[in-house]
Asks: 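Structure incoming, see below.
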Amino acid sequence: MTPLRMALVVLAVASGFVAVYSLFLESSGIRLPLLVAALAVLAISLGVLGFSLATTAIRTAESGRGGLGIGTAFVAGLCVLIASGALAGAIVLGILAAAS
């Protein structure tokens with residue numbers, strides 16, 4: 001695992017914890033902006049990680065390790081799906097935060 005991917009995984013886990021914290025534990029007025037920021041960072045980090053893993057899956061499959069390539073592509077797809085959901089949530093909640 002490259003240092004960039006390691007940093008992206010750490011960033012995704014940390015922003016996931018911040019999102020859970022803002023959903024369940026935070027009760028002040030900063031709750032919604034904190035959640036929007038955490039979801040945006042989660043979306044960006046998982047999106048970049050997913051596309052990085054997709055290129056690795058292609059290289060792995062071309063080198064003859066098809067099973068590992070399929071597994072890597074599956075994980076990359078999950079990362080991109082979660083990133084798109086987090087980005088959609090951040091956009092909707094950002095619009096709601098701006099309206100109130």
Side-chain angles (χ1 to χ4, degrees):
M1 183 173 275
T2 64
L4 175 65
R5 285 192 194 144
M6 189 78 78
L8 288 171
V9 168
V10 169
L11 188 62
V13 169
S15 63
F17 281 134
V18 171
V20 168
Y21 169 76
S22 66
L23 276 174
F24 297 115
L25 299 175
E26 183 66 33
S27 61
S28 66
I30 197 167
R31 178 181 191 177
L32 195 57
L34 183 64
L35 180 60
V36 169
L39 286 176
V41 170
L42 180 67
I44 292 168
S45 62
L46 282 179
V48 172
L49 182 64
F51 283 111
S52 172
L53 286 174
T55 58
T56 299
I58 292 170
R59 280 193 307 245
T60 304
E62 285 176 348
S63 69
R65 296 177 291 176
L68 184 61
I70 290 174
T72 306
F74 182 74
V75 171
L78 285 178
C79 286
V80 173
L81 280 174
I82 294 169
S84 64
L87 185 61
I91 290 171
V92 169
L93 290 174
I95 290 171
L96 289 176
S100 62

Asks: Taking C-beta and beyond as the side chain, do Leu34 and Val18 meet within less than 4.5 Å on heavy atoms?
Replies: yes
Asks: Can you tell me how far CG of Leu53 sits from CG of Leu46, rounded to the nearest 0.5 angstrom?
Replies: 10.0 Å
Asks: Donor-acceptor pair, Arg5 side chain versus Ser52 backbone, under 3.5 Å?
Replies: yes
Asks: Over all heavy atoms of both residues, which pair between Leu42 and Ala86 is shortest? Give the atoms and the distance, please.
Replies: CD2-CB, 4.1 Å
Asks: For the residue pair Gly50 and Ala76, what are the closest heavy atoms and their distance?
Replies: O-CB, 3.3 Å
Asks: Of the non-hydrogen atoms in Val80 and Phe51, which two are nearest, and what is the gap between them?
Replies: CG2-N, 4.3 Å
Asks: Between Glu26 and Tyr21, what is the shortest heavy-atom contact and its length?
Replies: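 Looks like OE1-OH, 2.9 Å.
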Asks: With a 4.5 Å cut-off on side-chain heavy-atom distances among I, L, V, M, F, W and Y, is there a chain of contacts connecting Leu8 to Val75?
Replies: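 Yes, Leu8 connects to Val75 through the hydrophobic network.
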Asks: Would you kindly confirm whether Val41 and Val36 end up in one hydrophobic cluster when ILVMFWY residues are joined by side chain heavy atoms under 4.5 Å apart?
Replies: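 Shared cluster, no.
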Asks: Within the supplied structure, the quantity of interest is the number of heavy atoms (other residues, nucleotides, ligands) at a distance under 6.0 Å from Ile30 CD1; does it exceed 12?
Replies: no
Asks: Can you tell me if Thr60 and Glu62 form a side-chain donor-acceptor pair at under 3.5 Å?
Replies: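 Note: Thr60 and Glu62 side chains miss the donor-acceptor criterion.
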Asks: What distance do Arg65 atom CZ and Ile70 atom CD1 have between them, rounded to the nearest 0.5 Å?
Replies: 13.5 Å
Asks: Nearest heavy-atom pair of Ser45 and Leu11: which atoms, and what distance?
Replies: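 So the two residues come closest at CB-CD2, 3.9 Å.
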Asks: Any chance you could measure Ser22, atom OG, to Phe17, atom CZ, to the nearest 0.5 Å?
Replies: 13.0 Å
Asks: Consider only side-chain heavy atoms of I, L, V, M, F, W and Y, link residues closer than 4.5 Å, and tell whether Leu4 and Val9 are in one cluster.
Replies: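 Same cluster.
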Asks: Are Leu23 and Leu32 connected in a single hydrophobic cluster, I mean Ile/Leu/Val/Met/Phe/Trp/Tyr linked by side-chain heavy atoms less than 4.5 Å apart?
Replies: yes
Asks: Looking at every non-hydrogen atom in both residues, tell me the closest pair between Ala83 and Gly47 and how far apart they are.
Replies: CB-N, 3.6 Å
Asks: Name the residue from Val92, Leu93, Ile91 that meets the side chain to side chain contact (heavy atoms under 4.5 Å, CB included) definition with Ile95.
Replies: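 Of the listed options, the one satisfying the test is Ile91.
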Asks: Check the pair Arg59 / Thr56 against side-chain contact (heavy atoms from CB on, under 4.5 Å), numbers first and verdict last.
Replies: CA-CA 5 Å; Arg59 280 193 307 245; Thr56 299; 3.4 Å; yes
